[in-house]
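Have a look at the structure below, then the notes.
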Amino acid sequence: MKEQVRVRFAPSPTGHLHIGGARTALFNWLYARHHGGTFILRIEDTDRTRSTDAYIEAITQGMHWLNLDWDEGPFRQTDRFAVYRSYVERLLQEGKAYHCYCAVEELEQRRQLALAQGRPQKYDGRCRDLKEAVPGRVPVVRFRTPQQGETVVDDLIRGRVVFDNSQLDDLIILRSDNSPTYNFTVVVDDVDMRITHVIRGDDHLNNTPKQIHIYKALGYEIPKFAHLPMILGADKTRLSKRHGATSVMAYEEMGYLPEALTNYLVRLGWSHGDQEVFSREELIRFFSFENVGNAAAVFNPEKLLWLNQQYIIAAAPGRLAELVVPFLAKQQIITEGQALDMAWLARAVKTLQERAKTLGELASSLRYYIAEEITFQEKAQEKFLNEKSLPLLKDLKEALAACADFSHAGLEPVFKGVVEKHGVKLGAVAQPVRVAMTGGTESPGIYEVLEVLGKEKTLQRLEKAILSIG
Ligand code: GLU
């Protein structure tokens, strides 16, 4: 029987969900969905000084926004201390772990000495074979790490990576305050949760040999590993705040669609020929580690913006209308809680979505549709609302007042009538009307604009333009 894929995303809640974490979550999620497996969310909150509930909330919020649903969890490591301690006990009994009574200051002194003498700065194994407890000292528990031979990580992305066991430390698995340490809890959880594939950032590659020894000591099968390439900024240093927004929710605030960010994240390391835009179904269908390179990926905000535009162009106007409302409020185009005719807003959006790269841009381009009053841009007013256009605007206003069909098909003959009467080009009428309706010289097709504004607003705005000429 084919083994059931079980993967996990294991964030430490010491910050928001950032680009790198979201990519790790996404790759795990895609791998699970591709194989019909199980995706588990595990919160690694053993570092109690830096982990907060607010960050757990922020991480799950980011995952919800990206539509990365999990099948089991969220588990919290701080709920599982009893489990970890029972495993420590087992290793102690089997002689695979031991109590170490060395004091922190002693360890530090020895470390300094090793440094000065050019020896490896690792634990010297002094308590490995102690027979008795040292009175008056509270011990830690160390894992007896094999010191001979090699450990091979057969990574699905990196290939074969060999580590020399003599470089590995007898790592502490239980601190003197009885709290378990990171590398140990990861293994216990991966064992307990029957994880088949560990997919994570390659900053964890160096932890892998240590963890492999713990799997072996516990007598468990070693999962497959896939260490994802690093993400760099344009200057080829590790992606950080210096390169702009790195928190996933910042992208929501900036007006990105979650599927655009998802599509962008997947391309940070993975490719499928030359294809850039993928539906969710395609991502699930195509995803495999064979197409994940091991070269670092460079985060490119312009490409993300371009993708976002592609998704805005393709989105259903009704959905964009819903999504744009908070941006309208933020830009004070509507007041908080103002009632809007959503079907009308969707029609307005439809005329503009081709041009907007973000929801923020979409919102600001909607301003003239929604505003009660518009102001004319000075240059546009000078150029198009003047004595020359006045008779055209007057005639058009009269003709539109008599027009019962304010659709593209109904409006076109009205404009044509004025154009023919005055022997001018369509632009000579359309451009002044555009300024009258929008305040500026750029907008969707003039019939579309009028169709959205409707008869009453159109006539009001024409009147205002005519009066402005005087
Ligand atoms: N908690 C670790 C982190 O946030 C992940 C550990 C793992 O995936 O094994 O980087």
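Below, all heavy atoms of this structure are taken into account, side chains as well, without hydrogens, waters or symmetry copies. Both counts, for ligands and for their atoms, begin at 1 and track the order of listing. Remember, it's a predicted structure, so these values are computed and weren't measured experimentally.
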Query - Distance, nearest 0.5 Å, that separates NZ of Lys241 from OG1 of Thr246 - result: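 Taking NZ in Lys241 and OG1 in Thr246, the distance rounds to 5.5 Å.
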Query - Backbone or side-chain N or O of His204 under 3.5 Å from ligand 1 N or O - result: yes
Report task. Look only at interatomic distance and state if Val198 has a nitrogen or oxygen under 3.5 Å from any nitrogen or oxygen of ligand 1. Result -> no
Requested in this report: List the atom of Met249, the atom of Gly62, and the distance in Å for their closest heavy-atom pair.
Outcome: SD-CA, 3.6 Å
Query raised in the report: Aromatic rings Phe286 and His272: how do their planes relate, parallel, tilted or perpendicular, breaks at 30° and 60°?
Result: parallel
Query raised in the report: In terms of ring plane angle, is the pair Tyr220 and Tyr87 parallel, tilted or perpendicular, where the classes change at 30° and 60°?
Result: tilted
Report task. Check each atom of ligand 1 against the heavy atoms of Ser12 and keep those under 4.0 Å away; list them by number with element. Result ->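 Listed by number with element: 1 (N), 2 (C), 3 (C), 4 (O).
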Query raised in the report: Measuring from the heavy atoms of Tyr182, does anything fall under 4.0 Å of ligand 1?
Result: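 Tyr182: in contact with ligand 1 (<4.0 Å).
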Report task. For the pair Arg200 and Glu44, find out whether any cationic side-chain nitrogen is under 4.0 Å from an anionic carboxylate oxygen. Result -> no
Query - Presence of salt bridge, Asp124 and Arg126, under 4.0 angstrom - result: yes
Query raised in the report: Any idea which of Arg200, Gln77, Arg42 brings a heavy atom closest to atom 9 (O) of ligand 1?
Result: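 It is Arg200 that holds the nearest heavy atom.
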Nearest-neighbour protein heavy atom for [atom], which is reported as residue plus atom name and distance:
atom: atom 5 (C) of ligand 1; answer: Ala10 O, 3.3 Å
atom: atom 8 (O) of ligand 1; answer: Arg8 NH1, 2.7 Å
atom: atom 1 (N) of ligand 1; answer: Glu44 OE1, 2.5 Å

